Structure formats: C-alpha cells, structure tokens
Amino acid sequence: MTSEITYAEVSFKKESKPSDTKSKPPAAPKENTNLHKSYPSFLTLLLASVLILQLLLAISFFIAFIIFFQKYSALLKEKKTLKELTHTAMECVQENLTIEEKDWSCCPKNWKPFGSNCYFISTVVKNWTESEKNCLGMKAHLLVINSKDEQDFITKNLYTQHAYFIGLSDPEGKHQWQWVDQTQYSQSVTFWHSGEPSNPEEGCVLLNFRSYSRSWGWNDIPCHEQQMSLCKMRKIYL
Ligand code: MMA
C-alpha cells in the first residue's frame, strides 16, 4: 500500500525512468524531495555500499573460516594426543640405584605398583566382557594372577564385602580355563575357594572373600553378572 502511494507521488512530480523506479526502495515522502535531486549519486552510493557490504561479508566469512579451521585442527590434534595418552599422570620411582642403571619405573596415577606391574581397582560395576574392555581402554587387561604373593598384594587393597572380576574365563563352558593375556593356565597356580569351580554355566571368575574360610579366593559366576574388577598392566620404564 505505502509503496504504491510513493510511486504515484514520484511520477506526478517529475518524469522518471520506469526501470529506476522499480529498484528504488520505498521512502518517506519528505526524503523523496532530496532524492530526486541527488538521484545518480545516490544510486552510485547505494551500489558502492552494497559492494562494500558484500566485500565485508566475504572478508568476515573468510576470517570465520580460518578461525574455524584452526580451532578444528587444534581439536583434532588434542583428540589424537588424548588417544595416545590414556593416562593423564604417571607416578615414577627410581628403582635401580646403581649409577649406570638409573631406571625410573612408572605406574599411572591411582594405580598400585607391585613387582614389574601396575594394578587398578575398578569400582565400576560391569559384566566380565565389559570389564575387560574397560581395562583394555586403559592399555591393560583384567588381572592375571601369577603367584600367591601377587594375589596377597592385591587383596590387601580390597574390601572384603566386594567381589572383583579377574582375567580368567571358560569361554566354551567346558571348564577349560583361559587367562586373558594368553598366560598358560596352570593347575598348580590356582586359588579356587573350596568347592569351586562349581558350575559349567558359570564361565567367569571373580576374586572374593569368604568369611567362613576367612580367606580370599576364586569363584566362577555367570559372565553376565555385574561386578567390580581388577586391571593389570606392565610398569613403564623410563
Ligand atoms: C553362589 C555363587 C556360585 C558359588 C556358590 C557357592 C549360590 O551360588 O556365587 O558361583 O559357587 O554361591 O556357594
């Protein structure tokens, strides 16, 4: 409605080129009087401003693209570093005090050193497969027990009311026990509770405390059961 009125006013006061009228934006009648006097310069100004605006827009887009690209590549780099560095902090001790062999042995922060390995008590409750995945995610395996000393060391750090998955399972249900790291299962290095393993349906092993025998030992349970777990990895030597 307003633009129709404006158009009528312009054509009434002065003959103007029809093509120009079309591109002219609707303006207040007061401004119109000045408009027709400086009309060519106004158009040039308009064109120039549009061009400048487009240029500014192009520059801003370019700058935004550069910033985005830089941020994105920095993010990618950080992600890669994080992937390589699963552990944010390491705790190292100097083990060999001879001058020639100043070896630093390290375990990730919150892991416990024993012998040439590091141990982690995972309090997240998961089934056996997910527990092993959790250890793998930390460049470790579920605990493989190689000696009574090792078992005694770890159990000193555990709660007697909790049970923890270890890296022993019977994938085929034939009581052919396998350690997750391919260590040979040796009957002479086993710490089953009396009466265990008890059931071919129970293919995964946990370490728990039995109050009636007042001892820590192994018990087979169904693999889908959710339990806490223990992880083990080799120490890192620097
Ligand atoms: C539970 C379960 C078994 C274990 C028996 C021992 C009732 O089942 O933990 O794996 O063999 O207890 O009594």
Side-chain angles (χ1 to χ4, degrees), residues 83 86-91 93 105-236:
K83 229 178 163 182
T86 321
H87 307 286
T88 46
M90 288 284 194
E91 279 167 356
V93 289
S105 78
C106 311
C107 279
K109 200 171 182 284
N110 301 321
W111 289 57
K112 296 176 192 308
F114 178 75
S116 44
N117 297 287
C118 312
Y119 300 81
F120 183 69
I121 301 156
S122 176
T123 51
V124 274
V125 171
K126 292 172 185 286
N127 67 33
W128 189 88
T129 312
E130 290 301 314
S131 301
E132 169 62 0
K133 272 191 201 159
N134 182 47
C135 295
L136 281 173
M138 295 184 280
K139 306 266 188 269
H141 271 302
L142 273 174
L143 174 63
V144 172
I145 299 169
N146 300 109
S147 68
K148 183 76 167 67
D149 271 0
E150 188 180 21
Q151 173 154 309
D152 290 345
F153 158 76
I154 196 73
T155 55
K156 269 181 213 138
N157 292 288
L158 304 178
Y159 290 104
T160 51
Q161 67 269 39
H162 291 157
Y164 308 81
F165 271 131
I166 61 169
L168 188 62
S169 72
D170 170 31
E172 284 165 49
K174 294 184 206 151
H175 276 181
Q176 285 172 348
W177 300 101
Q178 286 178 21
W179 288 109
V180 271
D181 69 346
Q182 312 309 317
T183 294
Q184 192 68 40
Y185 175 77
S186 161
Q187 196 59 57
S188 58
V189 200
T190 60
F191 309 102
W192 294 104
H193 278 297
S194 69
E196 304 296 342
S198 60
N199 191 338
E201 307 284 299
E202 299 180 336
C204 289
V205 180
L206 52 73
L207 185 56
N208 66 359
F209 186 83
R210 281 191 179 168
S211 34
Y212 55 83
S213 60
R214 291 174 59 230
S215 68
W216 284 92
W218 305 353
N219 177 26
D220 56 342
I221 66 154
C223 297
H224 62 79
E225 269 191 29
Q226 311 233 325
Q227 299 287 343
M228 292 181 184
S229 57
L230 304 166
C231 305
K232 173 183 175 180
M233 70 185 284
R234 289 200 67 78
K235 275 183 182 170
I236 295 154

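For the single chain, residues carry numbers from 1 onward in sequence order. Everything quoted here is computed from the prediction, not taken from an experiment. Start at 1 and go down the list; that is how both ligands and their atoms are numbered. Only heavy atoms go into these numbers, but all of them, side chains included; no hydrogens, no water, no symmetry mates.
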Verdict with reasoning, Asp181 to Thr183, per side-chain hydrogen bond (donor to acceptor under 3.5 Å, both in side chains)
CA-CA 6 Å; Asp181 69 346; Thr183 294; 2.6 Å; yes
Where is the tightest heavy-atom contact between His175 and Asn199, given as atom of each residue plus distance?
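Closest pair (atom of His175, atom of Asn199, distance): NE2-O, 3.4 Å.
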Just by modelled atom types, is the Thr190 backbone N or O under 3.5 Å from a matching donor or acceptor in the Tyr185 side chain?
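Not a single qualifying donor-acceptor pair exists.
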For Ser198, is there any backbone N or O sitting under 3.5 Å from a side-chain donor or acceptor partner on Asp220?
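It does hold such a pair.
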I'd like the contact residues of ligand 1, where contact means a heavy atom below 4.0 Å.
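Glu196, Ser198, Glu202, Arg210, Asn219, Asp220, Ile221.
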Roughly how far, to the nearest 0.5 Å, is CD of Gln226 from CZ of Phe165?
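Rounded to the nearest 0.5 Å, the CZ-CD separation comes to 8.5 Å.
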Can you tell me how the ring of Trp192 sits relative to the ring of Trp218, calling it parallel under 30°, perpendicular over 60° and tilted otherwise?
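Aromatic pair Trp192/Trp218 classed perpendicular.
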